[in-house]
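The structure under discussion appears below in the form of structure tokens.
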Amino acid sequence: MSTPEPQPGIMAIAPYKGGESKIAGAEKVIKLSSNEGAFGPSPAAVEAMAEAAKSIHRYPDGHSPELRQAIADRYGLAPSRIVLGAGSDEIINLLCQAYVGPGDEVLYSEHGFLMYGISAMAAGATPVKAPETDLKADVQNLLAAVTDKTRLVFVANPNNPTGTYLTEDEMATLRDGLRDDIILVIDGAYAEYVVGTPGYTDGMAMVHDADNVVMTRTFSKMYGLGGARLGWGYMPEDMASVLNRIRGPFNVSVPAQAAGLAAFNDTAFTEMSRAHNDEWLKRTQDALRQLGLFVPQDGVGNFVLVRFTDEATAEAADEHLKSRGIIARRVAGYGLPDCLRITIGKADEMEAVIAALRDFMGANT
Ligand SMILES: Cc1ncc(COP(=O)(O)O)c(C=O)c1O
């Protein structure tokens, strides 16, 4: 008897593992493992979601018109070029589903976000990684890895888990070096924490007048709505029309749309979050460097990658943090077994992490 067979490539996918959220025996933990916003959701988003729950029996308007219009108005975009998804993961998935298949290659950098490879393989395509230089995407290496099979190139700016980013000039060199039939996807999951940093680009301006550039964004980080699943992409009109044909007709729920709109409009909350992150990103990077740990130069976003002398030390540091109720993220799956990624949390949480690592380093050097 034959058994059902999945599409080729699917069984080769290593399933994505989210950040841990529990420590056996610990009632209260400091969870710094998934780059969730330090302050949770805006109270306005929680209220909007509770209100939306009253009409949860109704299907959503699958075009998310109010939220799309709000995004379009704020950034001066055409709403018809914006596609909303259940997280930006869904936009990444839809791009792969629509534009690649068996025999095609999806290119990204060595320590790039794991979902690029998973979505590529789910569509039957082959993931290809280009080496990084000093934990940063390398434009020349990416261009050198392009073949006649390359269809999609993903660059997270900044990248998770390294925190490094391409400058506007470097991104332009990458785009200019790609054939017109290759789509460049600039993943701005952490852009809210970084926009305005000199030299940084979230890619939006590049999408305005190109036929083959896409920017993705999420509500899971600064907006604190990871559990609601909400993200969006800004892309050429033709590509939006392609994605709208294949996405689920009701892919973004009524509560997610309502919470997203309220979170987006609560600019006092996002300004407070950004100011906090600016301060604690630097304080954490400085403190860890003072302990003799390596932290990538110019790392940005709401997390810090920290490198230990070897894999065993990274594991011991992780265990030590757990013994103090702190959950960081192991990043061996990203090819960084000697590193941990630590999300920027509230001030007392960061003080606890720094103190724990100070004790760890004191005992281990
Ligand atoms: C670089 C990057 N892109 C995309 C995502 C996906 O976010 P979401 O699907 O929650 O919008 C993440 C989440 O960690 C990320 O780090």
Side-chain angles (χ1 to χ4, degrees), residues 16-21 31-38 40-41 45 64 67 71 82-96 106 108-120 122 127 129 132 135-137 152-166 171 184-195 200-203 214-234 243 247-248 251-253 256-257 259-260 263-264 277 299-305 328-331 333-334 336 341-344:
Y16 184 89
K17 275 202 228 145
E20 293 175 86
S21 55
K31 182 178 184 303
L32 303 175
S33 56
S34 299
N35 295 347
E36 297 148 338
S64 311
L67 180 53
I71 294 170
I82 298 170
V83 177
L84 271 84
S88 52
D89 276 351
E90 189 185 20
I91 306 294
I92 294 167
N93 239 314
L94 291 171
L95 287 165
C96 288
V106 174
Y108 50 99
S109 71
E110 191 180 352
H111 304 298
F113 181 51
L114 285 178
M115 284 310 296
Y116 307 148
I118 291 177
S119 295
K129 291 184 197 174
E132 299 191 357
L135 296 176
K136 179 178 152 172
L152 268 171
V153 178
F154 284 100
V155 177
N157 220 31
N159 183 49
N160 166 24
T162 52
T164 53
Y165 64 95
L166 293 183
M171 196 66 88
L184 171 63
V185 184
I186 303 170
D187 176 341
Y190 300 94
E192 280 74 14
Y193 292 102
V194 190
V195 163
Y200 172 77
T201 180
D202 60 3
V214 175
M215 175 194 68
T216 58
R217 300 285 282 262
T218 183
F219 279 81
S220 301
K221 308 300 173 186
M222 184 177 282
Y223 295 111
L225 296 180
R229 310 308 299 129
L230 184 62
W232 55 284
Y234 171 51
L243 264 56
R247 69 173 171 80
N251 61 333
V252 181
S253 72
Q257 290 185 31
F264 192 69
N277 196 72
V300 292
N302 69 334
F303 55 92
V304 176
L305 186 80
R329 179 70 163 258
R330 297 293 314 272
V331 280
Y334 285 91
L336 297 164
R341 191 195 68 196
I342 300 168
T343 303
I344 302 297

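Computed from a predicted structure; not experimentally measured. Every number for a ligand or one of its atoms is a count from 1 in the order of the listing.
Asn35 and Thr343 share a donor-acceptor pair across their side chains, judged by distance under 3.5 Å alone. With hydrogens and angles left out, the side-chain atoms of Gln257 and Ser64 include a donor and acceptor closer than 3.5 Å.
Closest to atom 12 (C) of ligand 1, if we only count protein heavy atoms, is Phe113 CZ, 3.4 Å.
Using a 4.0 Å cut-off between charged side-chain N and carboxylate O, Glu20 and Arg330 make no salt bridge. The residues Arg217 and Asp187 are annotated as not salt-bridged, no charged nitrogen and carboxylate oxygen being separated by less than 4.0 angstrom. Ion pairing of Glu36 with Lys31 is present here, as a side-chain N (NZ or NE/NH1/NH2) and a carboxylate O approach within less than 4.0 Å.
Side chain of Tyr116 to backbone of Val153: no donor-acceptor contact under 3.5 angstrom is found.
Contact annotation: for Asp89 versus ligand 1, heavy atoms closer than 4.0 Å belong to both the backbone and the side chain.
Near Ser220, meaning under 4.0 Å from one of its heavy atoms, ligand 1 places the atoms 8 (P), 10 (O), 11 (O). Which parts of ligand 1 touch Tyr190 is read off a 4.0 Å heavy-atom cut-off, strictly below it: atoms 1 (C), 14 (O), 15 (C), 16 (O). Ligand 1 places these atoms under 4.0 Å from at least one heavy atom of Arg229: 8 (P), 9 (O), 10 (O). Applying the 4.0 Å criterion to heavy atoms of Asn160 picks out, from ligand 1, the atoms 1 (C), 14 (O), 15 (C), 16 (O). Distances below 4.0 Å separate heavy atoms of Lys221 from the following atoms of ligand 1: 13 (C), 14 (O).
Assignment of Asp187 to the shell around ligand 1 is supported, since a heavy atom sits closer than 4.0 Å.
Around atom 8 (P) of ligand 1, the closest heavy atom drawn from Gly19, Ser88, Gly18 belongs to Ser88.
Ring pair Phe264/Phe219 is tilted by interplanar angle, where 30° to 60° counts as tilted.
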